[in-house]
Amino acid sequence: MIKRVLLFASAKETLGQDSVDLELAADATVADLRKQLVNDYPVLNDLVARSHIAVDQQFALDDMSLTDAREVALIPPVSGG
Amino acid sequence: MNNDRYSRQVRYPAIGDAGQEALGQSTALIVGCGALGSVIANTLARAGVGTLRIVDRDFLETSNLQRQMLYDEADVESNLPKAIVAAEKLRRINSSIVVEPHVVDVDAANIEALSKGVDVILDATDNFEIRFLINDVAVKHSIPWIYGGCLGADGQTMTILPNTSACLRCLMLEGPPLPGTMPTCDSAGILASIINVIGSIQANEAMKILSGNKQSISKSLTIVELWQNQFRQMDVSKLRDQVDCPTCKGRQFDWLDGRQGSHSAVLCGRNAVQLSPPERQPLDLEKLASSLESVGQVTRNRFLMKLAVDDFELTLFPDGRAIINGTEDVAVARKLYAQYVGN
């Protein structure tokens with residue numbers, strides 16, 4: 001299945017785009033999505049590990065299935081202030 | 001209390017007379033009085049929060065004025081610490097509240113004393129290391145706290161009700177990102193507008209907590225991309241039940257107990273390093289000033305001493321802390337400290 005991942009904060013800045021499309025297995029989980037992201041975009045390596053993944057605007061744990069996910073977002077923490 | 005002063009706020013139904021009374025009897029701890037802290041302190045002082053305890057380790061620089069809304073050019077000239085300048089300004093804004101400035105670096109040794117008796121803690125810091133320390137003390141003593149962070153035109157905020165909602169560690173089980181792995185205000189820049197948005201949301205959440213409206217607190221991480229006019233929520237209401245959090249379930253306070261943390265920090269957007277000796281030796285600034293006068297240009301006031309030498313500026317505080325301007329290299333900063341102040 002193809003899943004579009006919305007990018008936020010430094011993830012968006014790093015790739016210069018606000019979303020990416022990933023090819024994932026039909027039973028893929030959030031953990032699989034993290035792996036695929038790093039595989040397709042190695043520059044995101046450090047960022048993906050410490051970012052939150054939101055599925056349908058809910059915090060998603062790594063074992064969550066993405067089969068029924070309508071919207072996936074990669075949300076890096078923001079530190080300054 | 002002058003009844004007219006808060007009349008527009010009291011008319012807002014969720015506040016009312018009872019809410020205003022509760023605000024007046026509350027104490028808020030604001031950790032950091034830079035950009036977010038300016039907005040939060042200004043808003044809460046005007047709202048009539050009875051006591052504001054303001055903690056900041058730094059002094060003012062011209063590049064702060066673009067986004068740190070409490071300060072002006074004369075304040076930069078004064079060379080006074082931010083907490084002191086902020087307290088003076090807030091007292092002029094509202095003389096009926098108590099403002100307690102503290103010029104210290106918040107760490108594991110002092111955060112419990114600083115947070116004693118407070119009803120809410122507002123995070124206006126610029127790094128996750130200290131947020132994990134705030135999270136520890138907040139969870140340990142059941143004090144609500146409100147995270148806020150901004151970079152570029154992006155910002156995030158989340159309210160933590162200890163032992164009820166997800167804490168920071170529930171959200172980031174692996175702990176803070178390693179120093180140097182996060183973009184800073186130096187690399188990514190920062191707009192004052194996003195600071196005002198996030199600081200206002202934080203102040204608003206604090207007002208809910210302090211006015212008896214805890215049921216209205218956000219159960220989400222709020223994510224703002226101001227340049228794109230995007231406001232989003234990430235629901236974290238189920239998170240606490242889903243993870244085995246060492247802090248809020250295991251009651252393990254790694255940062256508070258000093259198992260995690262460091263004694264130096266590169267200051268966000270400042271081209272500066274702060275050094276805080278683990279065992280604080282108070283500095284006799286008067287004595288130091290006279291011995292360093294031959295080395296470089298020395299200036300001093302009641303709260304700090306500055307030494308300008310070569311391309312560096314060392315600012316020394318009576319508690320033994322130093323901020324070294326002109327480098328982001330901790331080793332260089334340590335060398336300068338050892339050279340001019342001693343080990």
Side-chain contact test, heavy atoms from C-beta onward, threshold under 4.5 Å: evaluate it for A:Phe8 versus B:Asp154 and give yes or no.
->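 Of all side-chain heavy-atom pairs linking B:Asp154 with A:Phe8, none is under 4.5 Å.
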Taking side chain as C-beta onward, heavy atoms only, is B:Leu171 less than 4.5 Å from A:Phe59?
->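 Sidechains of A:Phe59 and B:Leu171: in contact.
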To the nearest 0.5 Å, how far apart are CD in A:Gln58 and OG in B:Ser237?
->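 Answer rounded to 0.5 Å: 6.0 Å.
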Can you tell me how far the NE2 atom of A:His52 sits from the CE atom of B:Met234, to the nearest 0.5 Å?
->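 Answer rounded to 0.5 Å: 5.0 Å.
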Report the option among B:Asp123, B:Ile194, B:Thr125, B:Val243 that has the most heavy-atom pairs separated by less than 4.5 Å from atoms of chain A.
->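 The residue among B:Asp123, B:Ile194, B:Thr125, B:Val243 with the greatest pair count is B:Thr125.
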Chain A interface, residue from B:Ile223, B:Val236, B:Ile198, B:Ile195 that has the most non-hydrogen pairs under 4.5 Å =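 Of the options given, most contacts go to B:Ile223.
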Residues, nucleotides or ligands: over 12 heavy atoms within 6.0 Å of B:Lys89 NZ =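 More than 12 within 6.0 Å, yes.
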Counting only heavy atoms not in A:Asp21, do more than 12 fall under 6.0 Å of its CG?
->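 Yes, enclosed.
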Under 4.5 Å heavy-atom distance to chain A, tell me which part of B:Ala124 shows up: side chain, backbone, both or neither.
->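 For B:Ala124, the backbone is the part near chain A, not the side chain.
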Examine whether an atom of B:Gln68 lies under 4.5 Å from a heavy atom of chain A, and if so say whether it belongs to the side chain, the backbone or both; otherwise answer neither.
->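 Contact with chain A: none, neither part.
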For A:Ala49, does its backbone N or O pair with a side-chain atom of B:Glu174 as donor and acceptor, under 3.5 Å?
->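 Not a single qualifying donor-acceptor pair exists.
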State whether the side chain of B:Arg131 and the backbone N or O of A:Ser79 hold a donor-acceptor pair below 3.5 Å, judged by distance alone.
->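 Yes: the side chain of B:Arg131 pairs with the backbone of A:Ser79.
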For residues A:Val78 and B:Leu151, report the shortest heavy-atom separation together with the two atoms involved.
->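 Nearest pair, atom of A:Val78 first, then B:Leu151: CG1-N, 3.5 Å.
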Can you tell which part of A:Ala60 gets under 4.5 Å to a heavy atom of chain B, answering side chain, backbone, both or neither?
->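 Neither part, no heavy atoms under 4.5 Å.
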Going by the salt bridge (charged side-chain N to carboxylate O under 4.0 Å, His left out) test, which pairs reach into residues 222-248 of chain B, not counting sequence neighbours?
->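 Sorted result for residues 222-248 of chain B: A:Lys12-B:Glu225, A:Glu71-B:Arg232.
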